Amino acid sequence: MKVLITGMAGFIGHALARRLAEDASHEILGIDNLNEYYDAAIKQARLNDLSGFGNVRFQRLDLTDTEGMQRLFAETHFDCVVHLAAQAGVRYSLDHPQVYGQSNLIGHLNVLEGCRRQQVGHLVYASSSSVYGRNAKVPFSVKDSVDQPVNLYAATKKSNELMAHAYSYLYGLPTTGLRFFTVYGPWGRPDMALYKFTRNIFDGRPVELYNQGDMSRDFTYIDDITESIVRILDIVPSHGKDRNDPPYRLYNLGHGSPVNLMTLVRTLEEATGIEARCDYLPMQPGDMQHTWADAEPLFATTGFRPRTNLATGVQRFVDWYRHYYDAVGKPYKIKSLASKLG
Ligand SMILES: NC(=O)c1ccc[n+]([C@@H]2O[C@H](COP(=O)([O-])OP(=O)(O)OC[C@H]3O[C@@H](n4cnc5c(N)ncnc54)[C@H](O)[C@@H]3O)[C@@H](O)[C@H]2O)c1
């Protein structure tokens with residue numbers, strides 16, 4: 001099976017490529033523009049980590065390069081496409097709206113067009129829990145209305161779902177959208193809370209807790225995400241009985257058990273052996289207070305439910321963090337080990 005992964009140097013793309021590459025019957029081509037939204041060295045390191053697999057290839061390509069994308073789809077036939085490349089992050093979207101329009105809208109359109117022209121068997125793409133905005137009813141269900149995004153990132157992700165629906169309806173392109181909920185684990189994203197908290201704890205700096213720490217996230221471990229994606233790849237949506245039921249599916253992909261930020265901090269203290277200092281800050285514009293996935297429909301479809309608990313996942317992340325920063329010659333600072341717990 002030939003698989004295209006967009007955003008392969010990213011957190012989820014790298015983990016998925018690794019997971020798929022372990023099966024020699026997969027041939028994987030990954031693309032990424034290696035942008036510097038966060039430290040590009042970690043993107044390069046993720047690609048290096050994949051270099052031992054003979055069935056993984058990488059091409060540096062920007063989704064917004066329409067001709068380049070056309071060439072890509074003209075040259076290789078893909079059985080399926082996993083579209084993960086996007087400009088992520090809520091806070092960054094406040095100051096850099098243009099890049100969201102380019103990468104997430106034009107880029108998504110270029111992927112849809114490539115899939116349509118080539119009649120790709122299945123397009124699986126990343127959406128986000130951000131689409132739920134300020135929805136008060138929990139857990140969040142894909143049946144809930146998500147017509148009131150509270151930041152531009154969320155608006156582009158909701159748009160991605162609408163665009164996919166149009167292509168499924170008009171051209172019969174099988175599409176599955178996955179609304180990811182706060183993914184974490186080894187090789188994670190430096191702009192996300194777990195990474196930032198860990199870095200600050202090791203550096204002896206305070207952990208910044210927005211909304212005075214009164215926030216919760218449905219943390220979902222990376223291996224549970226990749227397992228779900230691998231299974232969903234094989235479950236290709238088909239037309240319903242009539243034309244008004246296109247081969248279009250949409251699921252939440254979350255653990256289904258929200259965790260308060262203070263619990264995350266305590267879990268990190270356990271994993272690092274260091275007591276955290278906390279800075280309590282106001283709510284950030286565009287942020288969500290709580291996320292909580294109703295992912296039962298996905299579990300029923302794939303026969304798999306996330307099984308990694310927070311303590312295990314955080315410990316694996318911290319172990320990876322120590323190893324990674326030692327290996328790249330920037331050992332994590334240990335001055336705050338003086339305040340070791342117990
Ligand atoms: N990690 C999460 O918790 C989470 C939650 C919800 C949704 N998502 C979505 O999942 C997908 C993957 O997220 P991630 O955490 O791996 O993010 P990531 O930023 O680590 O990976 C995205 C990759 O896409 C690449 N990219 C961005 N714009 C590009 C462009 N124009 N052309 C080519 N490559 C481009 C980046 O260089 C990056 O390597 C994204 O679509 C994101 O919005 C992630």
Side-chain angles (χ1 to χ4, degrees), residues 4-18 29-47 50 58-66 68-69 72 81-90 92-93 96 98-111 114 123-132 140 151-161 164 177-195 217-222 224-226 228-229 251-255 288 291 293 295 306 313 317:
L4 172 67
I5 301 178
T6 74
M8 190 173 77
F11 172 31
I12 302 173
H14 156 261
L16 177 68
R18 210 169 207 294
L29 175 61
I31 62 165
D32 201 296
N33 69 355
L34 301 176
N35 69 55
E36 301 206 339
Y37 161 60
Y38 60 76
D39 184 10
I42 192 172
K43 297 184 181 180
Q44 194 54 58
R46 292 184 187 126
L47 292 179
L50 295 170
F58 174 72
Q59 186 182 334
R60 187 169 187 169
L61 181 62
D62 197 306
L63 295 176
T64 65
D65 172 357
T66 300
M69 290 293 286
L72 172 77
V81 173
V82 186
H83 174 38
L84 300 168
Q87 181 55 54
V90 169
Y92 193 71
S93 72
H96 302 83
Q98 294 294 340
V99 66
Y100 289 77
Q102 291 296 321
S103 292
N104 300 7
L105 299 178
I106 305 294
H108 188 68
L109 177 61
N110 284 341
V111 171
L123 167 64
V124 175
Y125 64 94
S127 184
S128 167
S129 58
S130 296
V131 299
Y132 292 104
F140 298 150
N151 58 64
L152 184 67
Y153 169 64
T156 63
K157 287 294 176 181
K158 167 72 183 171
S159 307
N160 289 170
E161 297 171 0
L178 297 172
R179 291 178 177 168
F180 297 136
F181 282 66
T182 316
V183 188
Y184 76 103
W187 295 100
R189 256 173 48 204
D191 62 318
M192 291 182 70
L194 176 62
Y195 208 115
R217 290 289 180 269
D218 195 349
F219 289 96
T220 313
Y221 190 66
I222 184 69
D224 293 330
I225 294 277
T226 52
S228 305
I229 299 175
Y251 299 99
N252 284 333
L253 176 39
H255 192 279
M288 293 163 77
T291 67
F317 172 74

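Everything numeric in this text was worked out from a predicted model, so none of it was measured. Along the sequence shown, residues are numbered consecutively beginning with 1. For ligands, and for the atoms within them, numbers begin at 1 and follow the listed sequence.
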Peer 1: Checking the N or O distance criterion of under 3.5 Å, is ligand 1 in contact with Thr64?
Peer 2: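 Thr64 vs ligand 1: no N/O contact under 3.5 Å.
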Peer 1: Mind checking whether Ser129 has a heavy atom under 4.0 Å from ligand 1?
Peer 2: no
Peer 1: Kindly confirm or rule out an N or O of Asn33 lying under 3.5 angstrom from an N or O of ligand 1.
Peer 2: yes
Peer 1: What do you reckon, are the aromatic ring centroids of Tyr92 and Tyr37 less than 6.0 Å apart?
Peer 2: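 That pair passes the under 6.0 Å test.
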Peer 1: Using a 4.0 Å heavy-atom cut-off, which part of Ile31 comes near ligand 1: side chain, backbone, both, or neither?
Peer 2: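 For Ile31, there is no contact with ligand 1 at all, from either part.
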Peer 1: Find all atoms of ligand 1 within a distance of less than 4.0 Å from any non-hydrogen atom belonging to Tyr38, and give their numbers and elements.
Peer 2: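 So the answer, numbered in order with elements, is 18 (P), 19 (O), 20 (O).
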Peer 1: Test your reading of the structure: does Asp62 have an N or O sitting under 3.5 Å from an N or O of ligand 1?
Peer 2: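 Yes, since at least one N or O of Asp62 sits under 3.5 Å from an N or O of ligand 1.
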Peer 1: May I ask you to check if ligand 1 and Leu63 share an N or O to N or O distance below 3.5 Å?
Peer 2: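 Between Leu63 and ligand 1, an N or O pair is found under 3.5 Å apart.
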Peer 1: Heavy-atom contact under 4.0 Å between Arg179 and ligand 1?
Peer 2: no
Peer 1: Does any N/O atom on Met192 come nearer than 3.5 Å to any N/O atom on ligand 1?
Peer 2: no
Peer 1: Heavy atoms only: which of Ala86, Ser127, Ser130, Ala88 lies closest to atom 22 (C) of ligand 1?
Peer 2: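 Checking each option, the heavy atom nearest atom 22 (C) of ligand 1 is found in Ala86.
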Peer 1: Decide whether an N or O pair under 3.5 Å exists between Ile12 and ligand 1.
Peer 2: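 There is such a contact, yes.
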Peer 1: Has Arg46 got a side-chain atom pairing as donor or acceptor with Trp187's backbone, closer than 3.5 angstrom?
Peer 2: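 Looks like yes, one N/O pair under 3.5 Å.
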Peer 1: Is the positively charged end of Arg179 above the ring of Tyr132, judged by distance under 6.0 angstrom from the centroid and angle within 45° of the axis?
Peer 2: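 Satisfied, under 6.0 Å and within 45°.
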Peer 1: Closest by any non-hydrogen atom to atom 42 (C) of ligand 1: pick that one out of Phe11, Tyr100, Tyr153, Phe180.
Peer 2: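 Of the listed residues, Tyr153 has the closest heavy atom.
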Peer 1: Could a heavy atom of Phe181 be found less than 4.0 Å from some atom of ligand 1?
Peer 2: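 Phe181 does not count as a contact of ligand 1 under the 4.0 Å cut-off.
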Peer 1: Is there a nitrogen or oxygen of Gln87 sitting under 3.5 Å from a nitrogen or oxygen of ligand 1?
Peer 2: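 No, Gln87 has no N/O under 3.5 Å of an N/O on ligand 1.
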Peer 1: So is Leu61 in contact with ligand 1, going by heavy-atom distances below 4.0 Å?
Peer 2: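 The answer is yes, since Leu61 has a heavy atom less than 4.0 Å from ligand 1.
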Peer 1: For residues Thr64 and Gln102, report the shortest heavy-atom separation together with the two atoms involved.
Peer 2: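 It is CG2-O, 3.3 Å.
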Peer 1: Answer side chain, backbone, both or neither: which part of Tyr184 comes under 4.0 Å from ligand 1, heavy atoms only.
Peer 2: neither
Peer 1: Determine whether the side chain, the backbone, both or neither of Met8 has a heavy atom under 4.0 Å from any heavy atom of ligand 1.
Peer 2: neither
Peer 1: Kindly identify the option in Val183, Val131, Asn160 whose heavy atom sits closest to atom 2 (C) of ligand 1.
Peer 2: Val183
Peer 1: Report yes if some N/O of Lys43 lies less than 3.5 Å from some N/O of ligand 1; otherwise report no.
Peer 2: yes
